[in-house]
There are 2 protein chains.
Amino acid sequence: MSNVSNPAPGTRDFILDVSVSLFAQTGYDGVSMRNIAKRVGISAAALYHHFPNKESLYLGAMAHAFADKARAISETAGAGATPQERLHGFVDRFTALMAEDPDFRHLLQRELIDGDESRLRLVAEHVFREPFEAISALSRDLDPNCDPHMLAISMAGLILFHFETAPVRRFLPGVREGHDSPAMISEHVKRLLSRALLLTK
Amino acid sequence: MSNVSNPAPGTRDFILDVSVSLFAQTGYDGVSMRNIAKRVGISAAALYHHFPNKESLYLGAMAHAFADKARAISETAGAGATPQERLHGFVDRFTALMAEDPDFRHLLQRELIDGDESRLRLVAEHVFREPFEAISALSRDLDPNCDPHMLAISMAGLILFHFETAPVRRFLPGVREGHDSPAMISEHVKRLLSRALLLTK
DNA sequence: GTCTATAGCCTGATAGAC
DNA sequence: GTCTATCAGGCTATAGAC
């Protein structure tokens, strides 16, 4: 499920749910206030009762989509006794998290291209700092000689890039059923990272 | 340099150069025909003498930006005697290629989110099939037990994700000067992949 | 090959009734 | 809190002069 909440129509939360979905699909410039209003079931003017302008609505939608993600991602990197167990737990759960919320992933992708400095700083501090520190700590334990910042980026990217490229990979040679599945992605990434970092098996 | 050519103003090639740059920066919906015309130095109506509509201009700009990229990327994966040499050559040159052409990278990122099926098929067949096969072949030589399609994606993603996240990484903990540099990125990726795939060092 | 002018539509946003 | 009506302006695209 893309969004957990299921509020009654007409409320501010429902507007945010609709907005998250539309902004994720076609981006800020690809969605009009009229589009959103129609999907919500109210007039465009009514939207301005809940949000002063389009940008505020967009920022509200971002906050709505990213709420509680910070802790959820952080927790993927924490549990487990050995570094190997923590690595496998992180890969499994981070992969599942990205698979179950495409809207979050798409908003993130869009923000990486279009986000201005202030918006990226906001997202970095309120959403990614906490989980990134957890993944960095795991990186430090896995390979003390490797830059933890770069290794954390690599671990996340290894997982995310398989999702990002899914729309185009279906037209590339060697593709097989299941290449898009969370199970296959996490298995592949675990195998790669285990051998690179733990030198076992 | 983002674009090699440096044609005289007013020509079709100059329109394409300008369009590539603008579409890469703000996306299809973020650029108007008037924007492009102004930067080219002609009226919007004159644009329609060279291209029948906005979408044609966009597709022309894509073809222009992606021209010769296929072979350039393919060649990054070919040379070298041992698989290890080929791996290092691929990582070094692919990283350099992505660093020297941000427009290409941004258009690619945007196409992965917004491209419809026909456009993605076009890009896949005319730009990525050839280099992807070269990288897949390298993957097969590096690790015959690993799915070459997935490994090829992982190798490219490991490099690209460091560029993609550069705008937000500067606000994340542990960042250091040079984390964005091609040299540091390729060193990091080579180290990671060498240990994962060759089990040496 | 480029121009000005314009058609027709969509945009974000507001005014004011209910 | 939602509506209809509307404003001012931007959009793609075209017509027709030069």
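Proteins come first, then strands; the chains are lettered A, B, ... in the order of their sequence lines, and each starts at number 1. What you see is a predicted model; the values in this text were computed from it and never measured.
Not a single donor-acceptor pair under 3.5 Å links the side chain of A:Glu187 to the backbone N or O of A:Ala183. Proximity of a side-chain donor or acceptor of A:Arg110 to a complementary backbone N or O of A:Gln25 within less than 3.5 Å is detected.
For the pair A:Tyr28 OH and C:dG12 P, the computed distance is 8 Å after rounding to whole Å. Rounded to an integer number of Å, the gap from B:Met33 CE to C:dT6 P is 21 Å. If you measure from atom NZ of B:Lys54 to atom C1' of D:dT14, you get 17 Å, rounded to the nearest angstrom. Note: OH (B:Tyr48) to C1' (C:dC3) measures 16 Å, nearest angstrom. Atom pair A:Lys38:NZ and C:dC10:P shows a separation of 10 Å (rounding to whole Å applied). Spacing between atom CZ of A:Arg12 and atom C1' of D:dT2 amounts to 17 Å, rounded to whole angstrom units. Rounded to whole Å, the distance from CZ on A:Phe51 to P on D:dT2 is 12 Å. B:Ile15 has its CD1 atom 10 Å from the P atom of C:dG1, to the nearest Å.
Considering only side-chain atoms of A:Arg34, the nucleotide from C:dC3, D:dT14, C:dT11 that sits closest is C:dT11. Counting only heavy atoms from C-beta on, A:Asn35 has its side chain closest to C:dT11 among C:dT14, C:dT11, D:dA13. With D:dA13, D:dT6, D:dA5 as the choices, the nucleotide that has an atom nearest any side-chain atom of A:Ala45 turns out to be D:dA5.
For C:dT11, one of the phosphate oxygens OP1 or OP2 lies less than 4.0 angstrom from a side-chain nitrogen or oxygen of A:Ser32. For B:His49, no side-chain nitrogen or oxygen approaches OP1 or OP2 of C:dC3 to under 4.0 Å. Note on A:Ser43: a side-chain N or O is less than 4.0 Å away from OP1 or OP2 of D:dC3.
The aromatic ring centroids of A:His162 and A:His188 lie less than 6.0 Å from each other. Aromatic rings from B:His106 and B:Phe23 are positioned such that their centres are separated by 6.0 Å or more.
The aromatic rings of A:Phe66 and A:Phe128 sit perpendicular, their planes meeting at an angle over 60°, well past the 30° parallel limit.
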